[in-house]
Amino acid sequence: MSGTELPVIAAVDGSSHGWDALDWAAREAVVRDWPLLIVHVRQLARRTDQEVREREAGELLASAVHRVAQAAPGLRPTTLAPLDFPSAALVSLSRDASLLVLGSRGLGGFRSLMLGSNSLATASMAKCPVVIVHGGRDDEEPAQGAGEVFQDIVAGVAADESSEGVLDFAFGTAAAHPGARLRIVHGWTMFSSMLSGGPVFDRDAAADAAERSLAELTAGWRAAYPQVEVMKEPVNGSATRTLVTASATASLTVIGRRRGGESLGLGLSPVAHTTLTHAMGPVAVVPC
């Protein structure tokens with residue numbers, strides 16, 4: 001590590017989902033040789049409560065540093081406890097981060113919700129890729145250590161230049177984890193075929209055209225990362241079902257979001273929003 005790399009930021013709040021996010025971030029920091037910054041956002045409160053909140057934040061961050069030391073002794077994480085609204089603080093910090101990792105729900109979330117409001121807002125507006133760690137698989141699978149092999153990385157793409165950011169992140173992540181296989185999923189319909197100037201009435205021809213488009217889209221990335229095993233999966237219809245199903249066993253599911261539409265609530269497409277809220281494993285949201 002040269003000392004110039006931007007850190008992985010792990011957001012913690014004392015919830016089990018937050019601890020899962022910290023574990024995930026620490027493992028990725030080790031693999032990528034990136035610094036780790038642990039953040040706990042102190043929410044605004046009455047002045048009389050601030051001292052208590054500050055003490056609790058210090059205790060929480062100390063516990064987080066100890067947890068990282070147990071799992072990854074070589075890491076030397078730094079900590080930060082800004083006073084702000086959680087999503088606002090994390091979005092601001094994301095400007096100077098390689099990756100932002102947080103749990104799918106915090107302590108204040110409704111248990112019936114699969115994704116908390118702070119996680120959704122942060123994923124929709126952050127300036128760097130955001131990984132949302134969904135808990136619930138620890139009882140079924142052993143946790144991955146820093147040296148263990150990733151399983152499949154699944155990336156959902158559109159067959160155009162808007163997916164460059166997703167492919168950049170997905171191939172880079174797969175290359176950083178030797179043995180990981182990259183599955184690239186693209187959903188197509190007869191309507192999308194028509195809009196792109198492809199076949200309009202012949203479904204088989206449209207399927208062939210979608211496969212060719214996906215091959216062309218990934219050709220440069222496959223040449224740049226020859227060590228990464230790639231599976232291309234054109235899917236007739238929405239890619240959402242395939243992505244959500246794959247997330248149950250994938251080490252990471254990667255989706256993109258639009259840049260520039262955050263203020264209007266347009267950062268996440270329907271496919272990205274549904275995948276993020278229903279995924280059963282970690283999901284990376286990449287600004288495109």
State, to 0.1 Å, how close [X] and [Y] come at their nearest heavy-atom pair, and which atoms those are.
X: Leu6; Y: Ser98; result: O-OG, 2.7 Å
X: Val31; Y: Ala176; result: CG1-O, 3.1 Å
X: Leu36; Y: Ala29; result: CB-CB, 4.3 Å
X: Val12; Y: Gly18; result: CG1-O, 4.0 Å
X: Val166; Y: Cys288; result: CG2-SG, 3.7 Å
X: Ile153; Y: Val254; result: CG2-CG2, 4.0 Å

With side chains defined as the heavy atoms from C-beta onward, is the minimum distance between [X] and [Y] less than 4.5 Å?
X: His186; Y: Glu233; result: no
X: Ile132; Y: His134; result: yes
X: Leu120; Y: Ser124; result: yes
X: Leu167; Y: Leu217; result: yes
X: Arg42; Y: Pro82; result: no
X: Val185; Y: Val157; result: no
X: Tyr225; Y: Val230; result: no
X: Trp24; Y: Val131; result: yes

In sequence, state the C-alpha distance, the side-chain angles, and the governing distance for His177 and Glu28, and then conclude on side-chain hydrogen bond (donor to acceptor under 3.5 Å, both in side chains). CA-CA 9 Å; His177 295 270; Glu28 195 66 10; 3.0 Å; yes
Between atom [atom1] of [X] and atom [atom2] of [Y], what is the distance when rounded to the nearest 0.5 Å?
X: Arg181; Y: Ser251; atom1: CZ; atom2: OG; answer: 11.0 Å
X: Gln151; Y: Arg183; atom1: CD; atom2: CZ; answer: 11.5 Å
X: Arg55; Y: Glu51; atom1: CZ; atom2: CD; answer: 8.5 Å
X: Asp168; Y: Ser163; atom1: CG; atom2: OG; answer: 12.0 Å
X: Leu60; Y: Ile38; atom1: CG; atom2: CD1; answer: 9.0 Å
X: Met280; Y: Ser247; atom1: CE; atom2: OG; answer: 4.5 Å

Taking side-chain contact (heavy atoms from CB on, under 4.5 Å) as the criterion, tell me which of Asp84, Leu100, Thr122, Leu80 meets it with Leu93.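 Only one option passes, and that is Leu80.
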Yes or no on side chain to side chain contact (heavy atoms under 4.5 Å, CB included) for Asp152 and Met231, after CA distance, side-chain angles and deciding distance? CA-CA 10 Å; Asp152 286 351; Met231 289 182 59; 5.8 Å; no
Has the side chain of [X] got a donor or acceptor atom that lies under 3.5 Å from a matching backbone atom of [Y]?
X: Ser87; Y: Asn118; value: no
X: Thr218; Y: Trp221; value: no
X: Thr245; Y: Thr242; value: no
X: His273; Y: Ser269; value: no
X: Ser119; Y: Gly103; value: yes

Chi angles and distances behind the side chain to side chain contact (heavy atoms under 4.5 Å, CB included) call for Phe85, Val91: CA-CA 10 Å; Phe85 296 104; Val91 169; over 6 Å; no
Could you check whether His40 and Glu59, counting side-chain N and O atoms only, form a donor-acceptor pair closer than 3.5 Å? no
In terms of side-chain geometry, is the basic nitrogen of Asp23 or Arg67 positioned less than 4.0 Å from the acidic oxygen of its partner?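 Looking at Arg67 together with Asp23, the answer is yes, because their closest N to O distance falls below 4.0 Å.
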Would you please test Val271 and Ser238 for side chain to side chain contact (heavy atoms under 4.5 Å, CB included) and show each step? CA-CA 7 Å; Val271 170; Ser238 172; 3.9 Å; yes
Please report the C-alpha distance between Leu252 and Thr173 in whole Å, then the side-chain angles of each, then the deciding distance to 0.1 Å, and finally whether the side chain to side chain contact (heavy atoms under 4.5 Å, CB included) criterion is met. CA-CA 9 Å; Leu252 185 65; Thr173 302; 4.1 Å; yes
